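A short write-up of the structure that comes next.
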Amino acid sequence: MAGQNCLVANDWICWDYVTSRSQELTDATVEHIWITGVSVVIGLAVAVPLALLARRGRRWAAPVLGLTTLLYTIPSLAMFSLLLPLFGLSAALVVTGLVLYSLTILVRNVLAGLEAVPEDVKEAARGMGYGPGRMLWQVELPLALPALLAGVRIATVSTVALTTVGSIVGKGGLGNLIAPAVGSSFKAQVLTASVLCVLLALVADLLLIAAQRLLTPWTRAARPGKGA
């Protein structure tokens with residue numbers, strides 16, 4: 001039951017828990033959003049230069065892609081332990097770990113988007129006097145947006161889930177509620193925090209889909225009509 005005694009009965013669904021711990025849930029959710037957002041933004045800022053480096057040829061692509069893949073295979077406990085001497089028990093420790101994990105997805109998608117830019121488009125831009133920098137910002141990156149944003153979507157949803165692991169250093173957003181509740185079998189807290197985490201991932205994905213549609217209108221215009 002989910003009545004007045006649901007906390008005492010330790011029910012999974014308990015509205016009394018939500019109302020009595022609303023501030024705690026809000027604070028954990030805000031921290032979760034902040035850590036996720038900062039991690040993805042920094043990850044993207046690091047991934048673009050790495051993808052540009054990898055695009056230079058196999059000499060650079062192999063070590064860049066190999067290193068980012070290797071980073072993703074490191075267990076979170078080991079990753080945080082390696083970063084602990086540098087950042088201590090802080091949010092920076094969690095953000096740095098999440099940035100490193102996001103690079104596997106982001107670098108590959110940015111690289112795929114850049115390599116998918118048609119060569120004739122680049123030749124036309126060169127013929128119009130575009131230099132390397134102008135070519136990158138005004139031609140290549142805009143055309144690479146579909147693949148780039150697809151990577152951001154995957155990285156964001158993945159980071160929402162991984163942020164909970166930050167609870168081991170007390171900086172895990174909703175994970176700070178899930179971990180102790182699992183240990184104490186506090187069912188309402190486990191379910192509520194878990195549902196909020198899933199909702200965050202869903203809302204973030206929907207917002208990024210909307211942003212992708214807004215920023216890449218040509219991908220919709222290129223689709224044939226149903227009657228075609």
Side-chain angles (χ1 to χ4, degrees), residues 18 21-52 68 71-72 76 91-117 136-167 171-179 189-223:
V18 177
R21 305 287 185 88
S22 60
Q23 189 59 53
E24 185 178 28
L25 289 168
T26 300
D27 291 343
T29 302
V30 170
E31 181 181 62
H32 206 108
I33 294 171
W34 180 82
I35 291 175
T36 298
V38 170
S39 300
V40 173
V41 169
I42 296 176
L44 184 59
V46 175
V48 171
L50 288 177
L52 292 173
T68 55
L71 289 171
Y72 198 80
S76 54
L93 168 67
V94 179
V95 168
T96 303
L98 294 176
V99 167
L100 295 177
Y101 282 134
S102 71
L103 292 179
T104 301
I105 300 166
L106 293 174
V107 171
R108 290 179 181 275
N109 277 72
V110 174
L111 180 60
L114 291 173
E115 291 182 338
V117 177
L136 174 65
W137 289 105
Q138 296 187 12
V139 177
E140 293 179 298
L141 283 178
L143 292 178
L145 270 180
L148 187 154
L149 291 175
V152 171
R153 284 178 57 198
I154 298 171
T156 300
V157 172
S158 174
T159 303
V160 169
L162 287 171
T163 295
T164 58
V165 182
S167 62
K171 299 294 181 181
L174 291 165
N176 293 342
L177 302 179
I178 296 173
Q189 184 160 303
V190 171
L191 182 62
T192 303
S194 298
V195 168
L196 285 173
C197 191
V198 172
L199 288 176
L200 280 182
L202 180 60
V203 170
D205 193 43
L206 291 175
L207 289 175
L208 287 170
I209 289 175
Q212 183 172 348
R213 289 176 61 85
L214 181 65
L215 294 172
T216 59
W218 64 88
T219 59
R220 302 197 305 276
R223 294 174 185 171

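Quick caveat, the model's predicted, so the values are computed rather than measured.
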Any side-chain heavy-atom pair of [X] and [Y] under 4.5 Å:
X	Y	result
Leu208	Val152	yes
Cys197	Val160	yes
Asp27	Val30	no

Residue pairs fulfilling salt bridge (charged side-chain N to carboxylate O under 4.0 Å, His left out) with at least one residue in residues 96-112, sequence neighbours excluded: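 Residue pairs passing salt bridge (charged side-chain N to carboxylate O under 4.0 Å, His left out), neighbours aside: none found.
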Kindly state each residue pair satisfying salt bridge (charged side-chain N to carboxylate O under 4.0 Å, His left out) with at least one member in residues 137-161, sequence neighbours excluded.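 Residue pairs with at least one partner in residues 137-161: Arg55-Glu140, Arg153-Asp205.
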Say whether, by atom type as modelled, one donor and one acceptor occur between the side chain of [X] and the main chain of [Y] under 3.5 angstrom.
X	Y	answer
Thr36	Ile33	no
Ser158	Ile154	no
Thr192	Gln189	no

Mind checking what makes salt bridge (charged side-chain N to carboxylate O under 4.0 Å, His left out) contact with Glu115, not counting sequence neighbours? none
Work out which heavy atom in [X] is nearest to a heavy atom in [Y]; give both atom names and the distance.
X	Y	result
Ala51	Val110	CB-CG1, 3.5 Å
Asn109	Ala147	ND2-O, 3.1 Å
Leu71	Tyr101	O-CE2, 3.4 Å
Ser39	Val99	O-CG2, 3.4 Å
Leu103	Gly43	CD2-O, 3.6 Å
Ser76	Val165	OG-CG1, 3.2 Å

With Ala92, which residues qualify under side chain to side chain contact (heavy atoms under 4.5 Å, CB included), at least two apart?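 So Ala92 forms a side chain to side chain contact (heavy atoms under 4.5 Å, CB included) with Phe87, Ser90.
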Which residues share a side chain to side chain contact (heavy atoms under 4.5 Å, CB included) with Ala204, sequence neighbours left out: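 Side chain to side chain contact (heavy atoms under 4.5 Å, CB included) list for Ala204, sorted by chain: Thr156.
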Consider side-chain contact (heavy atoms from CB on, under 4.5 Å). Of Thr159, Leu177, Leu196, Thr163, which one does His32 pass it with?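 Result: among Thr159, Leu177, Leu196, Thr163, Thr163 is the only option passing the side-chain contact (heavy atoms from CB on, under 4.5 Å) with His32.
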Decide yes or no on side chain to side chain contact (heavy atoms under 4.5 Å, CB included) for Leu44 and Leu148, but give the supporting numbers first. CA-CA 9 Å; Leu44 184 59; Leu148 187 154; 4.1 Å; yes
Under the side chain to side chain contact (heavy atoms under 4.5 Å, CB included) rule, what do Glu31 and Asn176 come out as? Steps first, then yes or no, please. CA-CA 10 Å; Glu31 181 181 62; Asn176 293 342; 3.2 Å; yes
side-chain hydrogen bond (donor to acceptor under 3.5 Å, both in side chains) with Thr68: which residues, sequence neighbours excluded?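 Thr68: no side-chain hydrogen bond (donor to acceptor under 3.5 Å, both in side chains) contacts found.
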